[in-house]
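In what follows, a single structure is set out as structure tokens and then discussed.
In what follows, chains are A, B, ... by sequence order, proteins preceding strands, each numbered from 1.
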Number of protein chains: 2
Amino acid sequence: MAPTSTAFPAPGSDPAAAESATTGLRERKKQRTREALVDAAHRLFLSQGYAGTTVDEIAAAVDVSQRTFFRYFANKEEAALAVMSDAEDHFIELLRARPAGEPPLPAMREAICATWRDFSASHHPAGRGVTAALELVQLIETTPTLLAAHLRRSADQERRVAEILAAREGVDPAADLRPRLLAAVFGAAVRTAHLAWTAGAAARPAEDDGPEGLIAVIQHHLDQLGPALAADWSDTARGI
Amino acid sequence: MAPTSTAFPAPGSDPAAAESATTGLRERKKQRTREALVDAAHRLFLSQGYAGTTVDEIAAAVDVSQRTFFRYFANKEEAALAVMSDAEDHFIELLRARPAGEPPLPAMREAICATWRDFSASHHPAGRGVTAALELVQLIETTPTLLAAHLRRSADQERRVAEILAAREGVDPAADLRPRLLAAVFGAAVRTAHLAWTAGAAARPAEDDGPEGLIAVIQHHLDQLGPALAADWSDTARGI
DNA sequence: GAGATTATGTCAGCCGCTGACATCAGGCAA
DNA sequence: TTGCCTGATGTCAGCGGCTGACATAATCTC
């Protein structure tokens with residue numbers, strides 16, 4: 001079984017049609033099973049909790065054996081984090097597509113915002129995507145096992161990002177610390193933004209106003225990176 | 001069974017004597033068992049790998065039942081990360097002790113360097129501490145499960161650090177993003193430094209020259225935080 | 001339609017981890 | 001010293017995540 005193809009489609013395209021044209025029945029079936037498993041897992045995790053859901057339950061919900069589940073996902077976490085994983089792949093693609101002259105941090109900033117915009121537009125119509133993302137991020141942050149797995153994935157992601165940055169800027173990734181550092185710092189800022197977003201979500205109205213709320217939070221965090229590193233934390237030094 | 005007391009002692013003090021004076025036989029025995037388990041785990045993990053070592057083996061090496069192991073550690077990872085955990089607690093103490101007027105980033109810088117100096121001075125004589133630390137960090141970085149658990153612990157650590165920073169600087173931790181951001185960025189930089197250190201260790205002579213090598217790597221990474229965030233990555237802009 | 005591929009089901013089994021209960025050792029007071 | 005009380009340990013049974021091996025059934029290729 002080949003590894004699943006990456007990311008979600010660009011908005012406007014029809015993924016199902018494009019897929020069935022290029023691939024056979026076997027591949028389509030596999031894709032459907034995989035999506036069904038992710039869906040069932042997501043639903044069960046949210047209603048019963050992550051630890052309270054057994055792999056057997058997920059498999060049974062899709063009418064598939066437990067062994068089959070583990071042929072699609074290396075472990076229980078992978079099923080929960082599949083959507084995040086797609087988003088990360090999509091971010092990489094968008095970052096690679098940024099214009100060459102753009103400085104590194106702005107390039108990443110644009111890529112992350114576009115990632116969330118594309119995310120909420122695809123897969124789930126009518127903005128359901130952002131609500132689903134919120135639920136998922138909250139699930140991750142409140143489940144130690146999932147948080148651990150997610151952070152480990154993020155570390156891999158940062159390695160990929162560092163390589164792209166080094167190539168973009170034409171520096172030696174072995175000698176120059178800046179690519180790895182910026183990738184790590186960016187990852188830290190985005191994760192902190194996710195935390196703030198999920199924490200604030202309880203206070204906000206429950207309606208889904210698209211990805212702009214989350215994007216604003218991320219932008220705000222990136223803006224505060226400089227002030228946070230500054231020696232002077234008096235309010236006059238902060239960009240308020 | 002009460003949670004184990006924190007951190008390693010200040011250099012110069014005699015922990016065993018101080019302990020036996022204040023606590024009874026029961027407590028001392030528990031402490032010895034715990035240390036023996038950590039030691040055995042460390043040794044077995046390094047020789048057979050983490051996944052290749054069962055909890056039964058560790059327990060058997062200390063002549064203790066598997067059930068007892070799980071009364072000391074919530075899971076297998078915790079035994080592997082116990083030393084790191086002590087170091088993190090010690091860092092928190094040192095950060096709390098930094099003078100009030102000091103800016104946040106320098107305070108953290110001094111605290112992390114002192115943490116490693118104290119670490120190599122205590123527990124393991126003649127610099128064995130740093131070699132042990134190197135082996136441990138390498139084990140963590142090369143073992144996905146351990147890396148995940150370690151990163152999760154780091155996230156907790158960052159929350160604690162953010163609270164201390166907010167209190168030090170007298171800002172509102174709920175409204176001001178800087179404490180959480182700086183804690184996260186600092187954590188990211190230190191982890192990146194650890195990675196670079198372990199990667200470079202293969203090329204360096206195997207002799208243990210104390211913690212100064214690692215400390216220099218960390219300092220260098222902290223120095224490069226500003227340049228990494230800068231828009232201009234030309235070498236003239238970098239602080240070489 | 002026959003044969004090669006590949007996904008799936010079944011089964012057995014290891015290992016991490018936990019609750020329940022019995023047992024034993026250290027702490028404490030009479 | 002004796003004897004009770006608290007708490008650490010051992011034993012046992014059992015669940016759930018995860019894997020290898022093999023048989024079966026579905027798709028693909030010609």
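- Regarding A:L44, its CG atom lies at a distance of 12 Å from the P atom of D:dG17, rounded to whole Å.
- Between A:F69 atom CZ and D:dC18 atom P the separation is 8 Å, expressed in whole Å.
- A:T53 comes within 4.0 angstrom of the backbone, heavy atoms only, and of no base.
- Comparing C:dA7, D:dG17, C:dT18 against the side chain of A:K30 picks out C:dA7 as the nearest.
- Among all heavy-atom pairs drawn from A:V217 and A:A196, the shortest one is CG1-CB, 4.3 Å.
- A salt bridge links A:R152 with A:D156: at least one charged nitrogen is closer than 4.0 Å to a carboxylate oxygen.
- Atom-to-atom, CZ of B:F73 to P of C:dC17 comes out at 12 Å; the value is rounded to the nearest Å.
- A salt bridge links A:R191 to A:E141: at least one charged side-chain nitrogen sits closer than 4.0 Å to a carboxylate oxygen.
- Comparing B:K29 and B:D56 by the nucleotide of DNA chain C that holds the closest heavy atom to each, the one mapping nearer the 5' end is B:D56.
- Per the geometry, CD belonging to A:Q66 stands 15 Å off P belonging to C:dA12, to the nearest Å.
- Rounded to whole Å, the distance from CZ on A:F45 to P on D:dG17 is 9 Å.
- The distance between atom CD of B:E78 and atom P of C:dT18, rounded to the nearest whole Å, is 10 Å.
- Of the candidate nucleotides C:dC11, C:dC17, D:dT11, C:dC11 has the atom nearest to the side chain of A:R67.
- At whole-Å resolution of the value, NZ in A:K76 and P in D:dC18 are 8 Å apart.
- Not one side-chain nitrogen or oxygen of A:Y72 sits closer than 4.0 Å to the OP1 or OP2 atom of C:dA7.
- The side chain of B:S65 places an N or O atom within less than 4.0 Å of a non-bridging phosphate oxygen (OP1 or OP2) of D:dG10.
- Note: CD1 (A:I58) to P (D:dC18) measures 10 Å, nearest angstrom.
- Side chain to side chain, A:Q31 and A:R34 fail the donor-acceptor criterion of an N or O pair below 3.5 Å.
- Using a 4.0 Å heavy-atom cutoff across all strands shown, B:T54 reaches sugar-phosphate atoms only and no base atom.
- The aromatic rings of A:W116 and A:W197 sit tilted, their planes meeting at an angle between 30° and 60°.
- Below the 3.5 angstrom threshold, one finds a donor paired with an acceptor across the side chain of A:R71 and the base of C:dG9.
- No hydrogens or angles were tested; on distance alone, a donor-acceptor pair under 3.5 Å links the side chain of B:R26 to the base of D:dT6.
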